[in-house]
Amino acid sequence: MVSTVHELPSELLEQIFGLLDVRSILKCQSVSTFFRDLIQKSLLLQYTIELGVAGYTNNSASPSSIEKRLQMLEQHQAQWTAPVLECSNTIRLPNQDPDGGMRHFENGMLVDMYDATNTGKWGFDTLTMYNLTSVAEVPSSSTIRTQFEFSSSSAMDPLQDLMIFVLVPAQPRPSYFELSIASLRDGNPHPRATSQSIRVGSADINMDMPLCTGVQIAGDLLLLSVYTQKYAHKLELFVLDWTTGLVRGKIQQPGNRILNHFLLVSDSCLLVCCLERQRRLPIVDVYRLDNSPSIQPGSQKLATIVRTFELPAPNSDHITRMRFATDTARTYPPSECEKSSGLPFSMPSNNRLISLTLRISENSTDHTQHLFDIFTPLGTFLHSHKISEESTVVRWKDWGPSSTRWFRRLQQSPSHQMHGYRVIALNRIWDFNPLDVARDMHRSNMRSTSDDATLNANSQSTAEVWPTTKPGQRSWIRAEPTTIKAGGIFQDDIISTLPYRETWFEKPLNVEGVWLSDRVIGYSLDDQNFYADVYQGLCCVPRCAE
């Protein structure tokens, strides 16, 4: 008869530990030397720990052994802490419209939108798609010519073979706007769409010369940001089902809010950044979307605010604008995750970083602007506080200092991209994975630095924003607070302490910017050509539906 846990078979204990989450397994290691030795000798538990610390999930369908999976995971993680990027291929493409073209990149697909007829239109009539995941010197491509003019607000979802065209209306602008639902592959009507065209507005919805400024896609759901009044610039969010063409409802601009921007996290969750009118206070509202088929079109129960996060208050005479950014990788079905990368692990869809760009304009003759990038894990808004039926305000002091990291931006267009918890710039990587960084800090195997930790909001010194690395040092944890002085912009100093790992490349990338799919792609262009440099040395794990 077994009288103590030490007498249980090690195989049984291994199975019991395997049922725990990674934090619990790590805690068990400190209970006793017996537990520690058992956990450290088990390949299964070591793989479970490394998988959880990385923020990944296992693909059980993979035929790889546990030993092979652990080896692949450790090699993958090591690439990000000591990256060696090498350009394996440079793709040269024609620069279709040097003066007015637009490009979108998503899931390895580059879409080049331009006016092929060069008639000086307000929008575009042609798009060419390039598959940059191919290793071919000249990637496969296809071109779509439309019978209508579409705007840069158009959106795509390569995994659903979906293109949402926002049509540029004829003049004078009518009291509605139209969307065209097409196959991204050939431009024909999408096979799942009931109608190729969707009209939003007209007599059923009161709008004066509407302007659609943004489209985001989550499954069958479309969310549109629309200025519905010509002179008042009243912003509203419309929710549509693109398969049926039905307008499910709209999120009106509340009387005490000025809507700025939105992020459709999923078909059931929405983040909206806005300003309180009275205090001019920046806030982030978390909405729960009811995507149940029982909700009738036009229902006011479509969206409910479940949480409001306050940000620091600028001075009252300053004008504030906010905008969200996150990585553009689509979420694959579980069965497709391994196939998309060849790796036996993937990234849960919610394990990612959110960037909130804060633009503050001084009410002065020169309209001086101050730009700040605020990084925080998506889980800050979804899981940090218990969601209840009633809206609850979360004060800045209760969430912001410990959950965010602020950076002063000196350039209008940042040359960085996000993938999961990581931010990749031209010369470095920032990794905000909370569990991975916390474990490294606990191990004390990476020296934390405090050099240049204070950012002066009035300063224009690059050194204060991008601190220099020490000779021979390429990676370290930054845990000391970043302080942004009020400096006539904010009412109080701003302190942020979210730890992150900063890793420098041996040589900065000699490109204008970067894109991320399953690898790093650097891009640059001139009047004749567009260049895409495909790099080896870093592999981006696909996001997978949980």
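Model, not experiment: these values are computed from the prediction.
- In this structure, Asn351 contributes its side chain and Gly55 its backbone to a donor-acceptor pair below 3.5 Å.
- Here the side chain of Ser154 pairs a donor or acceptor atom with the backbone of Val166 at under 3.5 angstrom.
- Remark: side-chain polar atoms of Asp112 are not paired, donor with acceptor, to backbone N or O of Arg103 under 3.5 angstrom.
- The CZ atom of Arg192 sits 10.5 Å away from the OG1 atom of Thr244 when rounded to the nearest 0.5 Å.
- Rounding to the nearest 0.5 angstrom, the gap separating the CZ atom in Arg359 from the CG atom in Asp373 is 10.5 Å.
- Closest approach of Gly108 to Ser517, counting heavy atoms only: N-CB, 3.6 Å.
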Stepwise, does the side-chain contact (heavy atoms from CB on, under 4.5 Å) test hold for Val286 with Leu271? CA-CA 5 Å; Val286 182; Leu271 304 181; 3.7 Å; yes

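- Taking CZ from Arg323 and OG from Ser355, the interatomic distance works out to 11.0 Å, rounded to the nearest 0.5 Å.
- Between the side chain of Glu362 and the backbone N or O of Thr368, no donor-acceptor pair lies under 3.5 Å.
- How far CD of Gln252 is from CG of Leu237: 10.5 Å, rounded to the nearest 0.5 Å.
- Residues Asp115 and Thr126 fail the side-chain proximity criterion, which asks for heavy atoms closer than 4.5 Å.
- Relative orientation of the Phe372 and His370 rings is parallel, given thresholds of 30° and 60° on the angle between their planes.
- Remark: the backbone N or O of Asp125 is paired with a side-chain donor or acceptor of Thr146 at under 3.5 angstrom.
- No donor-acceptor contact under 3.5 angstrom links the side chains of Thr497 and Ser402, judged on distance only.
- The two residues Asp267 and Ala218 come nearest to each other via the heavy atoms N-CB, 3.8 Å.
- Minimum heavy-atom separation, Val541 to Ser346: CG1-CA, 3.3 Å.
- Looking only at distances, no side-chain donor or acceptor of Thr404 sits under 3.5 Å from a matching main-chain atom of Pro401.
- Of the listed residues (Phe177, Phe150, Phe124), just one forms a ring-ring contact (aromatic ring centres under 6.0 Å, His included) with Phe165, and that residue is Phe150.
- Ring orientation note: the planes of Trp399 and Phe381 are tilted relative to one another, at an angle of 30° to 60°.
- Remark: side-chain polar atoms of Thr376 are paired, donor with acceptor, to backbone N or O of Ser403 under 3.5 angstrom.
- Put simply, the side chain of Gln216 gets close to the backbone of Leu264: a donor and an acceptor are under 3.5 Å apart.
- Taken to the nearest 0.5 Å, the CG atom of Asp327 stands 4.0 Å off from the CZ atom of Arg543.
- With Phe375 as the fixed residue, the side-chain contact (heavy atoms from CB on, under 4.5 Å) test singles out one of Tyr421, Trp406, Tyr500, Trp430: Trp430.
- Within the 3.5 Å criterion, the main-chain N or O of Leu498 finds a donor-acceptor partner in the side chain of Arg405.
- When atom types are taken as modelled, the side chain of Gln160 and the backbone of Gly219 share a donor-acceptor pair closer than 3.5 angstrom.
- Closest approach of Cys274 and Ile258 over heavy atoms only: CB-O, 2.9 Å.
- There is no side-chain donor-acceptor pair under 3.5 Å between Ser183 and Asn188.
- Remark: the Thr213 side chain and the Ser225 side chain contain an N/O donor-acceptor pair separated by less than 3.5 Å.
- Minimum interatomic distance between Ser153 and Val215 (heavy atoms only, all atoms of both residues): O-CG2, 3.5 Å.
- A side-chain donor-acceptor contact under 3.5 Å links Thr308 and Asp285.
- In plain terms, the two heavy atoms of Arg422 and Asp431 that are nearest each other are NE-OD2, 3.2 Å.
- Using cut-offs of 30° and 60° for the angle between ring planes, the Trp515 and Phe530 rings count as parallel.
- In this structure the side chain of Ile429 reaches within 4.5 angstrom of the side chain of Leu538, judged on heavy atoms.
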